[in-house]
Number of protein chains: 2
Amino acid sequence: MKYSDAMSLTAALLSATGSLVQDIHTGVVAHGFDDLRPTHGFVFTRLAPDGATVTDIAAHLGFTRQAASQIVDELERKGYVERRPHPDDARSRLILLTERGWRCTRAAEASAAEAIRPWVEMLGERRLLALRDELLRLAPAGPIRPSW
Amino acid sequence: MKYSDAMSLTAALLSATGSLVQDIHTGVVAHGFDDLRPTHGFVFTRLAPDGATVTDIAAHLGFTRQAASQIVDELERKGYVERRPHPDDARSRLILLTERGWRCTRAAEASAAEAIRPWVEMLGERRLLALRDELLRLAPAGPIRPSW
DNA sequence: CACATTGGGCAAGCTGCTTGAGTATATGAG
DNA sequence: CTCATATACTCAAGCAGCTTGCCCAATGTG
């Protein structure tokens, strides 16, 4: 495979990902949740459905635990999440979505569905799902947040 | 298309893109260019092959012109680019890659080819190029840099 | 019961971007 | 030609968001 193919694949991934994240975020803001950034959305996806600890969130974002804790502070202050004592470990705290957090999550899902609708029209649902499955095979895990 | 499909597609894109960018960056550092971040690489791709202005770079990154100018400052100080007077417009300056900048660009291309090699093995070259083309159809243009 | 490990958070610092202001050149209307 | 406006760039200050360094409490390990 040529060098230029590798570079154009990278550019294509960056462009599609950036555009999709931006569209979802715009939709979320349009639903009235205008005090959040895409990063907060990445936290929500980790919190749903059963909650998570600060350490879990830090690993999911690729941040330090302190940074994750600060983000949880902010989300708590804005009413999207709440800290509960952890049932199994008194050191830890279980972070859960509040009702407002759930409403925002549903708004994000609706925005995502809306954002990819033109993609469905272009490629068809079948191809798009196949594309997703291929991508998942290529990069199954790892932190969501790019590190640059 | 279900809400959850849109979300899993987003997650798949984020994961694959983040992993690829990270791998390329690791390769570039391994080639000895350890004073750069992936963002600088995005600048290089815009500069090759014919150079660009600060305004071009700002649009490409999705930054302000001031931020782009600062990044060019840094790259100039580190010897990767040089500012030349613009042949057609005395207000403007044409930014060009130095020899060191070109060496780094080639190292990035080699690292990208290396990084996707397991992908080629998993999907095959044919499918991978098709995936790239589909992505390019979905999101043809726009700034490279995600805004979060 | 020591002692290392793990989960969490406070405080300070710094990087990387933005906002604000200013200069030089270009462009266009009259 | 002249003046008004727009464009290309940069300097300086501000600041958001993350890291580093430190600390405490609870858990597990022998």
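Chain letters run A, B, ... following the sequence lines, proteins first and then strands; every chain starts at 1. Given the structure is predicted, the values throughout are model-derived calculations rather than measurements.
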Within the modelled atom types, does a donor on one side and an acceptor on the other bring the side chain of [X] and the base of [N] under 3.5 Å apart?
| X | N | answer |
| --- | --- | --- |
| A:Arg65 | C:dG8 | yes |
| B:Gln70 | C:dT15 | no |
| A:Arg91 | D:dT27 | no |
| A:Gln66 | D:dG21 | yes |

**Message:** If we count only N and O atoms by modelled type, under 3.5 Å, do the side chains of A:Asp56 and A:Thr53 hold a donor and an acceptor together?
**Reply:** yes
N/O (side chain, [X]) to phosphate O (OP1/OP2, [N]) under 4.0 Å:
| X | N | answer |
| --- | --- | --- |
| B:Thr55 | D:dC9 | yes |
| B:Ser69 | D:dC9 | no |
| B:Thr64 | C:dC17 | no |
| A:Thr53 | C:dG7 | no |

**Prompt:** Starting at the 5' end of DNA chain C, which residue's closest nucleotide do you reach first, A:Arg83 or B:Asp89?
**Reply:** A:Arg83
**Request:** For the pair B:Arg117 and B:Glu114, find out whether any cationic side-chain nitrogen is under 4.0 Å from an anionic carboxylate oxygen.
**Result:** yes
**Prompt:** Can we say B:Glu99 and B:Arg106 salt-bridge, meaning some charged N sits less than 4.0 Å from an Asp/Glu carboxylate O?
**Reply:** yes
**Complete:** Assign each of A:Glu74 and A:Ala90 the nucleotide of DNA chain D bearing its closest heavy atom; nearer the 5' end lies the nucleotide of A:Glu74
**Complete:** Tested for side chain to side chain contact (heavy atoms under 4.5 Å, CB included) against B:Val81, the lone hit among B:Ile57, B:Leu96, B:Leu97, B:Asp73 is B:Leu97
